[in-house]
Number of protein chains: 2
Amino acid sequence: MPKPPISRRLAEAAVTLFDENGYDETTVDDIAARAGVSRSTFFRYYRSKEDAIFPDHDALLARIDARLRASTADTAIVAITDAVRIVLAHYVDDAEVSLRRYRLVRRVPALRDREIASVARYQRLFREFVGEWLDDSPDAGLRAELMAASVVAAHNQVLRGWLRAGGTYDPSGPLDHALGYVIATFRHLEQPQEHGEQVIVAAFPRTASPQAVMAAIRRHLDARPPSS
Amino acid sequence: MPKPPISRRLAEAAVTLFDENGYDETTVDDIAARAGVSRSTFFRYYRSKEDAIFPDHDALLARIDARLRASTADTAIVAITDAVRIVLAHYVDDAEVSLRRYRLVRRVPALRDREIASVARYQRLFREFVGEWLDDSPDAGLRAELMAASVVAAHNQVLRGWLRAGGTYDPSGPLDHALGYVIATFRHLEQPQEHGEQVIVAAFPRTASPQAVMAAIRRHLDARPPSS
DNA sequence: CAGCGGACGATACTGAGTACCGTATCTCTG
DNA sequence: CAGAGATACGGTACTCAGTATCGTCCGCTG
């Protein structure tokens with residue numbers, strides 16, 4: 001039975017000691033000793049003390065990047081939702097670690113700031129990706145920014161709900177719901193405009209009969225100003 | 001002519017030295033000496049080396065908090081847009097410092113992370129505020145999260161455009177435009193739902209004939225799952 | 001005046017983080 | 001096989017951000 005890799009042992013030691021003794025009271029020497037390696041080795045594996053409890057961040061970023069790169073504009077929405085699911089699954093697959101980390105991050109400002117910086121990296125990746133997908137219309141930059149921020153915000157909302165509830169349910173349903181909300185919000189703004197023609201939006205009850213829908217739309221069309 | 005307050009002298013010394021010598025190459029002793037005070041005094045005014053170039057963050061947060069608290073649900077959108085304008089004006093009013101800081105932050109990861117954490121604090125403030133404003137519907141939390149993230153993202157987009165252009169124009173027009181976009185996006189989702197009925201959103205070319213619209217909607221309705 | 005509180009400087013210390021060197025191990029090549 | 005090179009690790013010295021403490025000075029109040 002081979003020992004787990006050093007990086008994992010260090011991460012486990014860090015979370016355990018932070019839990020037992022507190023973040024500020026735990027030194028890097030303590031962590032290294034608990035993992036059975038030297039302090040130098042700690043800094044070979046982690047850039048800083050804070051990074052030890054986010055051991056998979058770079059790998060996860062790389063996975064997301066790969067997933068996004070494997071898509072085209074046609075499959076972009078699927079790719080983004082997949083990428084977000086990859087992130088959430090990462091937390092859910094190791095719920096115990098995620099819950100411990102969550103409790104730590106809530107208590108320690110330095111870890112909170114680190115996590116925020118990590119999330120910003122996901123967001124930047126999404127934004128760059130969405131920016132490539134959007135055309136060069138005047139608001140493309142703004143839309144990319146907004147969509148990336150919204151996707152990440154939705155994910156965080158779902159994740160935090162799951163963590164707050166102690167990881168007791170499968171959060172993929174709520175994530176689908178939240179992403180659907182985001183996508184619905186932005187999709188109506190993403191419809192390609194057909195050669196300068198304008199698009200109108202009409203909303204009506206889901207249970208409306210085709211006749212009722214038609215009547216509502218006719219009213220709407222009758223009320224619009226003459227097209228230029 | 002009284003000397004400027006110590007906190008300002010320290011902040012100015014920090015930015016100047018970071019510019020001249022680099023962030024990592026500048027010590028807290030250097031900054032304190034340049035400002036004519038001791039190192040102890042530096043840490044009396046700033047919690048950390050990084051904080052020295054964000055001297056007004058807490059004061060700005062307090063102003064925003066006050067502005068938001070002075071509003072009601074009826075004036076909430078105005079309050080949020082005012083709060084965002086307060087943030088932007090803060091940068092614009094001292095453009096030279098903002099531009100120097102921008103250049104520093106782009107070059108130094110530690111400062112970038114610090115800025116990201118600062119922005120997250122604004123966002124949290126907005127979210128809490130929006131959360132109070134929204135009713136207790138199932139998606140209220142999600143909506144508050146999304147709106148706060150969007151407002152902040154829009155502001156950042158505008159601010160970064162202004163900074164990238166060297167602060168050469170008044171960014172309040174673009175900010176109004178971006179906020180208008182965000183508010184339009186969310187306003188249509190804030191329409192009251194009629195007694196538990198679901199709403200679908202359909203978009204179609206403005207010039208579509210009623211018959212074409214009807215055909216498109218019929219296809220959509222035929223494709224939906226049975227309503228529960 | 002004396003006493004108090006607050007601001008500041010100086011000093012000692014801790015621990016995160018960096019740089020460097022030596023040693024051990026492994027792999028590859030002749 | 002031996003030797004060379006690469007790699008991983010431990011140990012050590014160091015820097016500097018950040019913390020705690022103490023002493024001094026100054027301004028204010030009674």
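Chain A is the first sequence line, chain B the second, and so forth, proteins listed ahead of strands; every chain is numbered from 1.
For residues 153-170 of chain A, the salt bridge (Lys or Arg N to Asp or Glu O under 4.0 Å) pairs, not counting sequence neighbours, are Arg160(A)-Glu145(B). For the salt bridge (Lys or Arg N to Asp or Glu O under 4.0 Å) condition, the pairs that include at least one residue of residues 76-85 of chain B, sequence neighbours left out, are Arg67(B)-Asp82(B), Asp82(B)-Arg85(B), Arg85(B)-Asp176(B).
The stretch residues 38-48 of chain B touches DNA chain C through Ser38(B), Ser40(B), Thr41(B), Arg44(B), Tyr45(B), each having a heavy atom within less than 4.0 Å of the strand. The stretch residues 17-32 of chain B touches DNA chain D through Thr26(B), Thr27(B), Val28(B), each having a heavy atom within less than 4.0 Å of the strand.
Not counting sequence neighbours, Glu132(A) has no partner by the side chain to side chain donor-acceptor pair (under 3.5 Å) test. Every residue two or more places apart in sequence or in another chain was checked for a salt bridge (Lys or Arg N to Asp or Glu O under 4.0 Å) with Arg106(B), and none qualifies. Contacts of Tyr122(B) classified as ring-ring contact (aromatic ring centres under 6.0 Å, His included), with partners at least two apart in sequence or in another chain: His57(B). Residues satisfying the side chain to side chain donor-acceptor pair (under 3.5 Å) test with Arg47(B), not counting sequence neighbours, are Asp51(B). Legend: residues meeting ring-ring contact (aromatic ring centres under 6.0 Å, His included) with Phe43(B), ordered by chain and number and at least two apart, are absent. Looking at residues two or more places apart in sequence or on another chain, you find a ring-ring contact (aromatic ring centres under 6.0 Å, His included) between Tyr23(B) and Phe18(B). Residues forming a ring-ring contact (aromatic ring centres under 6.0 Å, His included) with Tyr46(B) (at least two apart in sequence, or on another chain): Phe42(B).
Using a 4.5 Å heavy-atom cutoff, the side chains of Val105(A) and Phe54(A) are in contact.
The span of DNA chain D lying next to chain A, judged by atoms under 4.0 Å from heavy atoms, is bounded 5' to 3' by dC9(D) to dT12(D).
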